[in-house]
Q: 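Structure in structure tokens, see below.
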There are 2 protein chains.
Amino acid sequence: MPEPRLLIDEDLRAGAEIALDEAQARHVGTVLRLDVGDALRPFNARDGEWRAKINAKSKRGMTMVVEALLREARATPDLDLLFAPVKRHATDLIVEKATELGVRRVRPVITQRTIAETVRVDRLEAIAREAAEQTERFDAPEITEATTLAKALDGWDAARPLIYADESGDESGKAWGGEQGRAEPIAQALRTFSLAEKVASEREPDEGRSNAQAPDQLNAPHPLTPSPQGRGGKLALLVGPEGGFTPEERRMLRTIRHVIPVSLGPRILRAETAVIAALSVIQSVWGDWRGA
Amino acid sequence: MPEPRLLIDEDLRAGAEIALDEAQARHVGTVLRLDVGDALRPFNARDGEWRAKINAKSKRGMTMVVEALLREARATPDLDLLFAPVKRHATDLIVEKATELGVRRVRPVITQRTIAETVRVDRLEAIAREAAEQTERFDAPEITEATTLAKALDGWDAARPLIYADESGDESGKAWGGEQGRAEPIAQALRTFSLAEKVASEREPDEGRSNAQAPDQLNAPHPLTPSPQGRGGKLALLVGPEGGFTPEERRMLRTIRHVIPVSLGPRILRAETAVIAALSVIQSVWGDWRGA
């Protein structure tokens, strides 16, 4: 078994002696079952992952001595997850899996059909930290306070394309909105978007345009810059609640400059399944699952 | 809210009166809270999905009358999931999500590093049926009895390429097996495999070859026939336990004729996350998420 990992906010460098606070010491002693002389791997997003040893223990805490660098830090793709809070157990699962699947920010958003349960950010942060330790990443995702979808979309960063899972068509009165205005399958939509941009970018420069422009310029393709290895791509995924988005929300989403509605196949997925599935395809087609 | 769905093994046709057994009646009355006069949607893989109404209720059961066809049945992709049983909660999650993600058969396999807990097939069948009702598919996946990996691979159907999630390299003594013999990223591996086959199939006919042949012919590319819309493609995914496969198991896997080791990115995934993630990418690249 490799030594257990511990996300540590303090600076990590050879020879540093770091005091664990009470909660950390309890975690290390009781959950990880480490004692004086045992090794562990403290890490953070600035300093990377180090080998360290527990060198003292008291009733109040523990200290460890940092020894040697094991791995340089590597950035998580600049990928935001916006999701409508669901039942507590499913929300916990979403945060844990989003951490494993390499999301940088987790943003709970309240949509019109969200069965609003309260979101406890501190609780979700604890889940994210523990998942980050298990999954061998260098940071824990940032968890933001819940906000409404309208507020989250207001002033949206035009350089961050927004993918949203959309099960519905545009024909009111028909079951599931009929066939009109259906989203493309997710892998195809991601590829189409990248390809269309290539053509568009050769035609006109993309600089200095804002969200306030003629309707025919809205939703113009945008570079879906691949994420990893520091090329600076940004992306966001939005997954709604079980009932999907309202027609009003779908109209609102489509006014965002670079928005990509996607479909996740012919079966109805639970909200947490849709999050995990879409993130997996995104990392495969756009993100850091594409290999070095 | 659309009417609740109920997987019914009996033949469904207009006018048929169907008696629900005690367990079904309890589910319909207590969980779905339906009473005489309420509508529901019985379905199965042969007859499709129908509208029906509860027409009688007693202490011993319920009956419903089938009224009209709502949707013709549609086949689930011919995709098998082989997975190493994990803790009970994670195993339940794997079966539920595999159902949502369109797996036709779920096969628990005991690998050398499997923390063998018993697998209760009847329990997993109940989970799969309920998930099938929720996810709007027409069948529930078949759940087979647990078997060893060696037995599962013995006499493997040469027409069913086997994808397995492989986090390890081939260099013994190095952490995670070093860099040699690393699997390709999953989306890339699926595309490479399809492409290589196209070239190979133009060179030599593929008929009538068995698993027993010269080593240099092993692992020759094979048509990764796309699944849906009746083209008859077959595929299987194998995901091991948390500790991955042993070197011996990896050698054994590589003797299978059409085997594709794949990587699921730079982070370590829990077994259940690996299953859900790999299935999502497979349905996107090969299966029925590719659109009509």
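When reading the values below, keep in mind they use all heavy atoms of this one structure, side chains included, and skip hydrogens, waters and symmetry mates. Everything numeric here is computed off the predicted structure, so don't read it as measured data. Chain A is the first sequence line, chain B the second, and so forth, proteins listed ahead of strands; every chain is numbered from 1.
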Q: Do A/R5 side-chain atoms and A/R137 backbone N/O form a donor-acceptor pair below 3.5 Å?
A: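 Judged by distance alone, yes, a pair lies under 3.5 Å.
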Q: Between chain B and each of A/L101, A/V285, A/I186, count heavy-atom pairs under 4.5 Å; write down the option with the most.
A: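 Of the options given, most contacts go to A/L101.
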Q: Starting from the C-alpha separation in whole Å, work towards a yes-or-no answer on salt bridge (charged side-chain N to carboxylate O under 4.0 Å, His left out) for A/E272 and A/K97.
A: CA-CA 9 Å; A/E272 71 273 18; A/K97 298 313 176 203; over 6 Å; no
Q: Please classify the contact between A/L279 and chain B as side chain, backbone, both or neither, with a heavy-atom cut-off of under 4.5 Å.
A: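 For A/L279, no heavy atom lies under 4.5 Å from chain B.
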Q: Please check if the side chain of A/Q283 supplies one atom and the backbone of A/G102 the other of a donor-acceptor pair under 3.5 Å.
A: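 It does hold such a pair.
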Q: Taking every heavy-atom pair that is under 4.5 Å apart, which of A/S263, A/A131, A/P266 has the most such pairs with chain B?
A: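 Most heavy-atom pairs within the cutoff with chain B belong to A/P266.
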Q: Quick check for you: among B/I276, B/L93, B/L264, which has the greatest number of heavy-atom pairs under 4.5 Å with chain A?
A: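 Ranked by heavy-atom pairs under 4.5 Å with chain A, first place is B/L264.
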Q: With a 3.5 Å distance limit and no angle check, can you tell me whether B/R71 reaches the backbone of B/G48 through a side-chain donor-acceptor pair?
A: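 Answer holds: no.
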